[in-house]
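Have a look at the structure below, then the notes.
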Amino acid sequence: MKITRLLINHMQQPIGISDKELTFTWLIESDIRNTKQKRYDLQVALDDQFEQVIWHQNEWSQQSTNLAYQGPDLVAKTIYFVRVKVEDFAGNESVWSETATFETGLLDSDQWKGQWVTTANQVINQKDQSFKPFTGLKYFSVDKPVKKARLYVSAYGIYSAYLNQEKIGADYFTPGWTDYHRRLQYQTYDITEALAFENTLTVTVAEGWYSGYLGWEKKKDTYGNFNAFIAQIEIEYEDGEQAIYGSDGSWSELSNHWLKADLYNGEIQDLTHQSQTLAPLQVVSMTKEVLIPQINEPVQKQEEIQPVALFKDPAGRLILDLGQNMVGWVKCRVQGEAGQMVTLVHGEILDKDGNFYRDNIRDAQQKDQFILTGEIDTLEPNFTFHGFRYVELINFPETIKKEDFVGIVLHSAMPETGYFETSDPLLNQLQHNILWGQKGNFLDVPTDCPQRDERLGWTADAQIFFPTASFNMNTYNFFRKWLKDLRDAQLESGEVPFVVPDVLKGVFANNASKTTAVWGDAATIIPWEMYQRFGDKAILQENYETMKRWVDYICGQGAEEFIWDTGMQLGDWLALDAEEGSFSGATDEALIATSYFAYSAEIVAKTAKVLGKHQDYKVYQQVHDNVKEKMHERFFTPAGQLISDTQTAHIIVLLFHLYPIDAKDKLVQRLIELIELKEKHLDTGFVGSPYICQVLAENGAIDLAYHLLFNRDLPSWLYQVEKGATTVWEHWDGIKADGSFWDEGMNSFNHYAYGSIGAWMYETIGGIKPKTPGYQQSIIAPKLNQQLTQATTRFKTLYGDLESAWSVKDNELTFAVKVPANTEAEIVLPKVSNLMLVQREIEASWQPIHVGEQTGESIVDLGIARFKVHQELSKPVHCQKDELLVFVGSGQYEITYQLGNEA
Ligand code: BGC
């Protein structure tokens with residue numbers, strides 16, 4: 001047994017972190033089955049020999065994730081050392097883990113010696129009023145051995161810093177996107193190794209989210225109308241002396257080769273430009289109080305994509321095809337004439353005639369332009385990102401080849417945690433598309449889409465996609481940060497805005513409403529779901545007031561008490577049962593709003609219970625019960641039918657258990673009928689689609705759920721896969737069967753919302769679910785289907801890999817399961833008579849089980865099928881009416897069903 005990883009705030013060796021919200025998570029690996037931590041010994045020290053220990057926890061506890069630091073106050077700019085060892089219930093002891101470190105940042109605004117500085121010559125592009133990026137410059141020398149050197153830096157805008165012409169760190173779009181007037185992140189970089197005797201530091205600042213174009217109304221200057229940066233170099237010499245160089249009026253400005261840089265519109269770079277030093281920078285008196293260390297993973301280059309084709313489209317345009325709808329930019333090597341300007345225009349799709357199409361990108365130009373030197377130039381933007389698969393190349397030399405280009409993919413550097421692969425290539429492509437939707441839309445905040453003039457943190461999109469996202473990647477830091485953004489954005493009234501960070505400020509839909517159900521419910525659903533996935537109560541704790549205030553706000557909204565039937569509702573957004581010309585589906589909007597009201601109240605009640613707030617628990621549980629009761633009067637007929645006869649209405653009342661007690665079977669039946677009326681197709685939007693399969697599966701209609709998943713014609717998930725999609729589309733019919741487009745106004749081909757089926761795929765095909773928050777106990781209950789002969793699902797929980805794989809071969813059905821150390825799992829195997837995997841259905845009469853022993857294998861004899869259990873199980877096998885339950889501790893297990901000739 002050993003500790004293979006010790007993470008601090010879910011990161012390895014973080015530097016520049018806050019002294020608050022500090023947690024430790026360690027990973028135990030063991031060859032011994034049923035390993036369960038009984039005790040841990042954790043030390044935090046000021047030295048790597050652990051002689052100056054400041055916090056020592058020697059606890060009898062099974063906790064190995066999200067352990068909150070509770071030692072003495074931490075000191076700024078200090079490296080701390082951490083190690084842990086554990087003992088299990090069998091008495092095995094690990095040795096100390098490898099030592100992990102973390103370093104605190106500047107913890108107080110007084111520690112910022114640098115000043116906010118800006119250019120004295122702001123250059124405004126007259127055509128679009130954008131500001132040209134400016135560069136600050138500092139020379140400094142280092143004349144003796146350095147122990148450690150750091151750069152602390154932030155900007156009102158987005159910056160890139162260079163030391164001696166080398167980029168500092170690997171991050172882009174720093175300091176990230178927050179409501180800059182409340183929280184402005186700074187970054188800390190270790191520059192020790194990059195120092196020379198004579199040093200040149202440059203910081204270039206572009207507009208970014210701060211003052212660049214944001215939203216679809218061609219608005220800019222959302223947070224301010226000029227850019228500035230703050231920087232502080234701190235050098236600690238071997239001899240103990242210290243030097244600090246903070247940005248101030250002694251720093252000068254250096255001219256740069258950017259003529260323009262905007263997130264939506266792209267860049268213009270003049271590569272012939274010769275830099276020269278300009279006037280000193282100006283100090284501006286802006287607050288340092290808002291500066292905070294970054295907590296989420298920064299956006300970084302994640303992978304490179306080789307283009308698959310370079311061709312002329314029928315209209316004669318030269319088009320580069322990356323083969324993948326991706327987010328980032330294209331880097332290229334080219335030699336042209338000195339002064340020649342080349343242009344790259346980015347788009348997602350070709351139209352039905354094969355022509356480059358970019359009308360759906362609306363007002364985001366997505367255009368990069370470079371003035372060439374005549375030598376071999378490397379073209380690469382820095383302060384913009386594009387959502388694209390195709391690039392129109394304008395004015396490039398004839399000799400250019402696809403090998404001269406590479407696609408650079410950027411997103412928040414969250415570790416991937418999911419793996420999902422089956423015997424069906426189309427389903428695998430769907431998983432690929434879902435993952436790429438996430439890669440393209442998790443750039444510091446979760447956005448709706450990465451290409452058109454939006455790219456905003458729409459709350460519903462984030463809320464419905466959260467569970468899927470959290471299978472694919474470790475989203476803990478990403479969403480913990482975004483929930484802070486959400487808390488900042490919540491209005492006094494408790495309203496949660498449509499987008500977070502709230503750049504719309506209620507302007508959406510002519511101020512009719514500042515919030516809407518399903519979108520605002522991100523405030524309750526995401527913290528609750530985060531708790532389920534990561535098991536950290538601190539998430540609930542820090543969001544609790546926001547969650548409550550959201551429900552309290554709704555309480556006052558209805559014309560009738562406990563019903564939310566007022567204000568603007570976006571309803572079942574983009575559902576196919578919408579009236580012509582409407583984006584909202586046919587489902588009664590008050591029914592949706594009130595159902596989410598009930599669900600959010602229930603979440604607050606459950607949260608109150610977890611946090612030990614019993615009075616609140618009673619209050620919000622009562623709100624939930626009242627809403628539910630009122631819903632019965634308002635939305636159900638006396639016979640228990642829903643007045644809103646849509647798929648989505650049935651899905652959500654079943655999902656949230658909001659029906660009158662006797663109505664359930666009828667509702668399930670009606671939902672099935674409604675799906676059958678559409679020839680077994682969905683016609684749901686943002687509200688119904690994420691849960692349609694789940695609700696069917698949970699209510700005895702798993703085959704119909706699979707049918708929907710495997711549909712290949714419109715509307716279905718696999719329709720777009722067969723149409724060649726490499727990401728998930730915004731509309732079921734983004735490209736119609738005849739090849740025409742849905743619409744040009746709102747037709748993104750990289751919208752993750754409908755990708756939220758991904759969680760169901762992990763949870764049903766793989767069968768992986770948390771039984772207790774954070775997966776210290778999990779459920780592995782794969783639901784098989786005859787369309788698949790194999791499925792492998794792996795999820796890196798905070799404890800380690802949880803894996804469920806099954807396959808059918810030669811009349812044998814094998815389940816392989818891996819359960820990480822310090823956790824347990826309940827494996828739920830299907831009833832044999834439900835297996836349609838072999839040609840003939842096996843007629844099973846369910847027999848009591850008998851466990852026999854044979855040379856190292858347990859044989860579970862069910863009368864009609866024999867289960868070979870290849871390893872000893874920790875606890876006995878239980879037989880329930882429909883299922884076989886096997887309780888196991890950590891380890892790897894394989895269970896084989898012999899599907900013989902018993903039929
Ligand atoms: C976005 C959506 C969003 C919706 C709400 C759209 O433009 O792309 O995904 O939730 O607006 O109105």
Side-chain angles (χ1 to χ4, degrees), residues 325 348-349 352 360 424 426-427 429-431 433-434 437 448-449 460-461 464-465 468 518 570-587 592 644-652 655 670-697 701 703-761 787:
N325 195 347
E348 287 186 290
I349 203 119
K352 64 174 179 209
N360 67 323
D424 185 331
L426 292 183
L427 208 56
Q429 182 67 34
L430 174 62
Q431 166 62 20
N433 296 1
I434 295 170
D448 55 335
C449 56
D461 305 47
I464 60 178
F465 191 63
T468 301
V518 185
L570 294 176
D572 191 15
W573 187 249
L574 305 187
L576 293 163
D577 54 9
E579 271 174 33
E580 194 61 37
S582 164
F583 288 128
S584 304
T587 306
I592 295 177
S644 187
D645 196 23
T646 64
Q647 294 181 9
T648 291
H650 288 78
I651 292 165
I652 55 171
L655 180 72
R670 184 61 190 155
L671 173 60
I672 293 171
E673 279 163 22
L674 288 168
I675 295 169
E676 276 166 356
L677 281 172
K678 296 274 165 188
E679 286 158 358
K680 295 197 180 175
H681 286 85
L682 51 77
D683 61 1
T684 47
F686 274 35
V687 176
S689 306
Y691 312 109
I692 188 167
C693 291
Q694 180 187 337
V695 164
L696 289 170
D703 291 343
L704 185 55
Y706 269 115
H707 188 94
L708 295 180
L709 183 70
F710 285 117
N711 271 338
R712 293 176 182 202
D713 54 348
L714 264 176
S716 69
W717 285 277
L718 297 186
Y719 166 78
Q720 47 185 272
V721 169
E722 283 211 311
K723 282 271 178 195
T726 57
T727 39
V728 176
W729 300 349
E730 178 172 25
H731 292 268
W732 292 117
D733 52 354
I735 303 176
K736 301 190 174 178
D738 66 2
S740 63
F741 293 125
W742 185 82
D743 174 62
E744 60 196 38
M746 219 183 63
N747 199 15
S748 148
F749 291 97
N750 194 357
H751 235 71
Y752 54 58
Y754 289 149
S756 49
I757 192 64
W760 185 77
M761 290 168 19
Q787 300 236 34

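Reckoned from all heavy atoms, side chains included, excluding hydrogens, waters and symmetry mates.
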Please report whether the ring centroid of W732 lies less than 6.0 Å from that of Y719.
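No, they do not, as the ring centres are separated by 6.0 Å or more.
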
Just verifying a value: how many Å separate [X] [atom1] and [Y] [atom2], rounded to the nearest 0.5 Å?
X    : Y    : atom1 : atom2 : value
Y691 : S756 : OH    : OG    : 6.5 Å
L704 : I675 : CG    : CD1   : 4.5 Å
I592 : D572 : CD1   : CG    : 5.0 Å
L696 : H650 : CG    : NE2   : 12.0 Å
D743 : N747 : CG    : CG    : 6.5 Å
N711 : S716 : CG    : OG    : 5.5 Å

Return the set of residues passing salt bridge (charged side-chain N to carboxylate O under 4.0 Å, His left out) with E676 (not counting sequence neighbours), or none when no residue passes.
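Checked E676 against salt bridge (charged side-chain N to carboxylate O under 4.0 Å, His left out); zero matches.
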
For D645, all residues meeting salt bridge (charged side-chain N to carboxylate O under 4.0 Å, His left out), sequence neighbours excluded
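For D645, the residues satisfying salt bridge (charged side-chain N to carboxylate O under 4.0 Å, His left out) (neighbours in sequence not counted) are R670.
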
Could you walk me through whether L682 and W717 pass side-chain contact (heavy atoms from CB on, under 4.5 Å), step by step?
CA-CA 10 Å; L682 51 77; W717 285 277; 3.6 Å; yes

Listed once per pair and sorted, the salt bridge (Lys or Arg N to Asp or Glu O under 4.0 Å) pairs that draw on [range], sequence neighbours left out:
range            : result
residues 573-584 : none
residues 725-740 : R452-E730
residues 680-695 : K678-D683

Verify, without hydrogens or angle tests, whether S689 (side chain) and T684 (backbone) share a donor-acceptor contact under 3.5 angstrom.
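Yes; at least one donor-acceptor contact below 3.5 Å.
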
Short question: side chain of S582, backbone of S584 - any donor-acceptor pair under 3.5 Å?
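At least one qualifying donor-acceptor pair exists.
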
pair [X]-[Y]: side-chain heavy atoms closer than 4.5 Å:
X    : Y    : answer
L718 : L430 : yes
I434 : M761 : yes
I757 : L709 : yes

Chi angles and distances behind the side-chain contact (heavy atoms from CB on, under 4.5 Å) call for Q647, L671:
CA-CA 6 Å; Q647 294 181 9; L671 173 60; 4.1 Å; yes

Evaluate the side-chain contact (heavy atoms from CB on, under 4.5 Å) criterion for residues F741 and I349: first the C-alpha distance (whole Å), next the side-chain angles of each, then the deciding distance (0.1 Å), finally the verdict.
CA-CA 10 Å; F741 293 125; I349 203 119; 3.8 Å; yes

Angle between ring planes, W742 versus H731, binned at 30° and 60°: parallel, tilted or perpendicular?
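Geometry flag for H731 against W742: parallel rings.
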
F465 vs Y752 aromatic rings, parallel, tilted or perpendicular, using cut-offs 30° and 60°?
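Parallel, since the angle between the ring planes stays under 30°.
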
For a quick test of your reading: what N or O donor-acceptor pairs under 3.5 Å do the side chains of residues 720-727 make, sequence neighbours left out?
residue : atom : partner : partner atom : Å
Q720    : OE1  : W729    : N            : 2.9
E722    : OE2  : R712    : NH1          : 3.3
K723    : NZ   : A737    : O            : 3.4
T726    : OG1  : N325    : N            : 2.8
T727    : OG1  : N325    : ND2          : 3.2
T727    : OG1  : F749    : O            : 2.6

Under 3.5 Å, is there a donor-acceptor pair between the N360 and E348 side chains?
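There is such a pair between these side chains.
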
Donor + acceptor pair across side chains of H707, D703 (<3.5 Å)
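Per modelled atom types, H707 and D703 side chains form no pair under 3.5 Å.
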
Show your working on side-chain contact (heavy atoms from CB on, under 4.5 Å) between I651 and V687 and close with a plain yes or no.
CA-CA 9 Å; I651 292 165; V687 176; over 6 Å; no

Do you know the tightest heavy-atom contact between [X] and [Y]?
X    : Y    : result
D448 : H751 : O-ND1, 3.2 Å
G685 : Y754 : CA-OH, 3.3 Å
S748 : C449 : OG-CB, 3.6 Å

